[in-house]
Each structure stands twice: as C-alpha cells, then as structure tokens.
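Okay, structure first, notes after.
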Amino acid sequence: MKNTVVVGAQWGDEGKAKITDLLAEKADMVIRYQGGCNAGHTVVYNGETYKLHLVPSGILYGDKICFIGAGTVVLPENFEQETSELISRGVDLSNLKLSPLATITMPWHTAVDGWAEDTVKKGKIGSTRKGIGQTYTDKMARCALKVGDLFDEETLSEKIDIILPLKNKTLKEVYGLKEYSKAELLEICAKYKQIFEPYVCFDWQKMLRENKNKTVLFEGAQGVMLDIDYGTYPFVTSSNPIGGGAGTGSGYGPTMIDEIVGVSKAYLTRVGEGPFVTELLDETGDKIREIGHEFGTTTGRPRRCGWFDAVIAKYAVLVSGLTSMAITKIDVFDDFDEIKICTAYKDKRNGKIYTEYPTDVFMHKYLEPVYETHKGWKCSLSNIKSYDEFPKEAKDYLKRLEELFEIPISIISVGPDREQTVYV
Ligand code: GDP
Ligand code: IMO
Ligand code: MG
C-alpha cells in the first residue's frame, strides 16, 4: 500500500475510522494529524464496538505505531479516560505515541467554549464543548502550552508567568469566569504530566525518520466542510481536516503523501449549526437518522440528515486533492423506493444555478437543491462481498456518483464491520 491520507469529504462522521482501521492492516504507522477529542471515531471489530476520540484508529492491531501529531489538541482528562478505557478492554497501547508539540486544552478553554455555547444566540456554532476553537486560538496567538512544556520545570514556570496574567484578565473581565493562581496551575500541570508521561515521544524525529520508507497512513478527523479555511465558515472546526493538513500536522511533509482517500456517506449528515442545502426536515430525514443510527459519537446529539450532495463532493475532491472515494453506509438505503442526488443549487431569488460550491454560506438560505432521482434496489446489501454482486440499481447509483465527483470509488462499505467492505 502507498502512503495514504484518509479524509472526511463531508461534515464529519462519514465512517473515516472504519476505513482507517481497514487500511491500517497494511500500514506500519498511523498518524492522527489534526483535531482533538471533538472527533468520535467508531471501529467495529470482532463484534465489539470501540469509540475513539484522539487515539488513531489503527490501535486495535497492537503492532502499528500510532502517533498523535503536532497538529492535534489534547484535552488531558479525556485522553486519560480514552486510554484507560482501552487498557481496561485489553488493548495494547505500547505503540501509542504523543507528540510533545501537540497543544494542551486547558480548563479555561473548555470553560470559555461552554460559556460561548450557552451565551451566544445569533451565530452560535453548536460546538462539541471540548474547547477546540479556544485551544487553537491560543496556539495561533502564541500563548498556549504544549505537551512538551510540562516536562521541563523551568520552561513551564516561565511560560505560565507569560500566559497567566493575560488569561486571568480575559477570564475575569470578558467572561466572568474563574481565575487561576500559579500554584494551582502548577498542580494541574503536574497531573497532566502524569497522564501524558507513558505516551509522550521526545524521540519523534528519529521515529519518523526510521519509518520514512515504510507505509504510513494519515488519519483525518472531522471533514472538508468543517475545515477552518475551506468549510462552511464560521460554522466549522478550528483545524485543517483537508488532505493538506496531513502535511503540516503529522511531522512529515506533503512529499510523503501518495494518495488521499475521501470518505463520503451515501447521504449527508451534520451535527451543530450551519447551512445544509440538502437537509431533510421531514420523515425521510427521520428514516435516514433511524436506520443509519445518526446520533453523535462524542455528544449523542441527533445528526441532521439529507441527500447526497455532489456539489459538496466535487468541492471536497478539489480542495482536499482526493485521489479516490470510499462510499459508506449505502446499506442504509436498502429499503428506500427512491434515492436522490443533489447535482446543483438554485438561487430562489433569481433562478441562478450553481454547480460550483458557493463559499459565501450566509446566502445558502436562498439556495434550494436541484435533484435527480434514482430507483432504489429494495434488497439487503449488507452481505455483499464483491462489486459484481451489487444489484443494477445500486451500481447505477454508484456509477452516477463517480461521474459527478470525477474520481474513482475505491471502497464501498455495506455495514459497520471490517468484513462488510467491497474493494473496487
Ligand atoms: P467517523 O467520525 O467518520 O469515523 O464516523 P463515526 O464513527 O462518527 O460514524 C460512523 C458510524 O457509522 C459508526 O457508527 C460506524 O460504525 C457506522 N458505519 C460505518 N460504515 C458503515 C456502513 O457502511 N454501514 C452502516 N450501516 N454503518 C456504518
Ligand atoms: P469526526 O472526526 C462531526 C462539529 C461540531 C460543530 C463544529 C465545531 O467524528 O467526524 P468544535 O467542537 O470542533 O469546535 O465544533 O464542528 N464537529 C464535528 N461534527 N464529526 C466530528 O468529528 C466533529 N468534530 C467537530 O458539531 O458543528
Ligand atoms: Mg465521528
């Protein structure tokens, strides 16, 4: 297998973890390059379900190096919970490595995220409340703590002296939230150090160099439409899930990447606020949610559901540099008489047709989807093992998707299990 990036091509929850877990079998190393525990990645293996948040979805094999890269943010308490749960279920974490350059989510980040979610009415993001945006903001503002800082007393003390007065001022005066003393913060940091100690990899340069000629899989979180630069801004996350993110967040440059596999569901979902042109607010949307079990892995929120949007898929192919697409959850349509695909948007005000994604998302309220309708296959796809076994209607649907997003479909997923996968 070539070095491959797995990228969500929609608004997250496309089934990236299932595809990463599958491809990881042939990889030596899996690197998570961005995001934090806002991600909820489900891997079903041997009838057991594992919900991962920051730990790369190759961890269940045991023998793959699983590296959490510099582009990620780490909420220590969640990381501790995730790792101890995996250990208690017998998963071997001796190959789990954490970059000292990953940014720490501090208690004020989650506090401010919660404050914003509870206070802001107009323009609310609907975040996962994990302090993601606030951590990345401080990283960019150059006043964040990195995992490595915890391991040198002098550096930590010096950094706290720089950060704390500014933090306390904004916590108190802007948000009316709890302030911290230096002693209190040092105690918190000592606890965080303990949590990270078994995993932090100060030798990461050596490790990456040694694996340079082996097979590396890069795991994206979230999806292209949640990308800070290319997504439905401001209703996005605060990192770069696109393929390019693997070039900055992993520790390897873009020259290490051979292929970028996009993951799309056969329909669309979104959690949180923001525009969604093909959203179904009727019983068809409810039917997709029910059959597809579309409830958030991290927050349990019901996911908004809608038809496949080829305008978005084509956009994802472009901005993420996708070389092939994995289509998941096609089995959710087994009982549908008709399936729709959105091929363009129409502006209700003037009839203008858009086939390229309009990036000004504040005008999306004026857009309606232009649909074409496909006949359903009305039989179960869950046990299909090869492409030839798909009924004609399913093949026609898949062929049409391929035609619209202009890259080949490489994988079709017909159920959550590893075995429920068809390679094309
Ligand atoms: P991720 O965040 O992209 O990794 O996706 P999630 O894990 O949040 O959500 C995908 C859900 O769909 C999980 O519950 C998976 O077990 C499930 N899943 C993945 N592929 C398939 C599929 O082909 N069919 C069905 N029915 N479920 C799937
Ligand atoms: P995976 O990796 C779906 C959404 C949130 C919100 C927006 C910003 O499982 O696909 P944040 O907490 O990141 O500041 O929230 O992004 N969001 C996701 N939606 N899947 C995810 O991850 C998500 N991570 C964040 O719902 O709309
Ligand atoms: Mg998810």
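Numbers here are sequence positions counted from 1. Ligands are counted one by one from 1 in listed order, and the atoms in each one are counted from 1 as well.
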Do Cys342 and Val370 have side chains that get closer than 4.5 Å, going by heavy atoms? no

Any N or O of Lys18 closer than 3.5 Å to N or O of ligand 1: no

Identify the protein heavy atom lying closest to atom 10 (C) of ligand 1, giving its residue, its atom name and the separation to 0.1 Å. Asp13 O, 3.8 Å

Determine whether the aromatic ring centres of Phe235 and His364 lie less than 6.0 Å apart. no

Considering both backbone and side-chain atoms of Gly15, is one of its nitrogen or oxygen atoms within less than 3.5 Å of a nitrogen or oxygen in ligand 1? yes

Structural part of Thr42 in contact with ligand 1, heavy atom criterion under 4.0 angstrom: both

Could you check whether Glu184 pairs with Lys178 (Lys NZ or Arg NE/NH1/NH2 to Asp/Glu carboxylate O, under 4.0 Å)? yes

Val319 and Val224, any side-chain heavy atoms less than 4.5 Å apart: yes

Hey, is ligand 1 close enough to Val332 that some N/O pair sits below 3.5 Å? no

With a 4.0 Å heavy-atom cut-off (strictly under), which part of Val414 contacts ligand 1: side chain, backbone, both or neither? backbone

Flag the pair His109 / Ile104 as yes when at least one side-chain heavy-atom distance between them is below 4.5 Å, and no otherwise. no

Of all the heavy-atom pairs spanning Tyr233 and Ile228, show the shortest one and how long it is. CD1-O, 3.4 Å

Centre of Tyr61's six-membered ring, under 6.0 Å away, within 45 degrees of the axis: is that where NZ or CZ of Lys64 sits? yes

shortest atom 16 (O) of ligand 1-to-protein heavy-atom contact is with Pro416 CB, 3.5 Å

Going by the salt bridge (Lys or Arg N to Asp or Glu O under 4.0 Å) test, which pairs reach into residues 22-43, not counting sequence neighbours? none

Quick one: are Leu150 and Cys189 in side-chain contact, heavy atoms under 4.5 Å? yes

The option among Ser382, Gly223, Ala17, Ala326 carrying the non-hydrogen atom nearest to atom 4 (O) of ligand 1 is Ala17

In short, Arg89 meets Thr49 closest at the heavy-atom pair NH1-O, 2.9 Å

Which residue supplies the protein heavy atom nearest to atom 6 (P) of ligand 1, what is that atom called, and how far is it? Gly40 O, 3.6 Å

Parallel, tilted or perpendicular: ring planes of Phe336 versus Phe333, cut at 30 and 60 degrees: perpendicular

Plane angle bin for Phe405 and Phe308 - parallel if under 30°, tilted between 30 and 60°, otherwise perpendicular: tilted

Which ligand 1 atoms does Ser413 reach within 4.0 Å, using its non-hydrogen atoms? 20 (N), 21 (C), 22 (C), 23 (O)

Keeping waters out of it, list the protein N, O or S atoms under 2.8 Å from the Mg ion (ligand 3). Asp13 OD1, Gly40 O

Restricting to pairs with a member in residues 250-261, which pass side-chain hydrogen bond (donor to acceptor under 3.5 Å, both in side chains), not counting sequence neighbours? none

Measure from the ring center of Tyr267 to the ring center of Trp307 and say whether it is less than 6.0 Å. no

Six-ring centre of Tyr45, Arg418 cation under 6.0 angstrom, axis tolerance 45°: yes

Proximity to ligand 1 by part of Arg303, non-hydrogen separation under 4.0 Å: side chain

Taking the cut-offs as 6.0 angstrom to the six-membered ring centre and 45 degrees off its axis, would you call Arg349 and Tyr366 a cation-pi pair? yes

Look at the side chain of Lys159 and the backbone N and O of Ala144, then say whether any donor-acceptor pair between them is shorter than 3.5 Å. yes

Do any nitrogen or oxygen atoms of Ile330 come within less than 3.5 Å of a nitrogen or oxygen of ligand 1? no

Would you please write out the protein residues whose heavy atoms approach any atom of ligand 2 to under 4.0 angstrom, listed by chain and number? Trp11, Gly12, Asp13, Lys16, Asn38, Ala39, Gly40, His41, Ile125, Gly126, Ser127, Thr128, Ile132, Ala221, Gln222, Leu226, Val236, Thr237, Val271, Gly272, Arg301

Go through ligand 1 atom by atom and flag the ones less than 4.0 Å from a non-hydrogen atom of Glu14. 3 (O), 5 (O)

As a check for students: among Ile19, Asp417, Asp331, Thr421, identify the option with a heavy atom nearest to atom 25 (C) of ligand 1. Asp331

Backbone or side-chain N or O of Gly12 under 3.5 Å from ligand 1 N or O: no

For atom 11 (C) of ligand 1, what is the closest protein heavy atom, and at what distance to 0.1 Å? Lys329 NZ, 3.7 Å

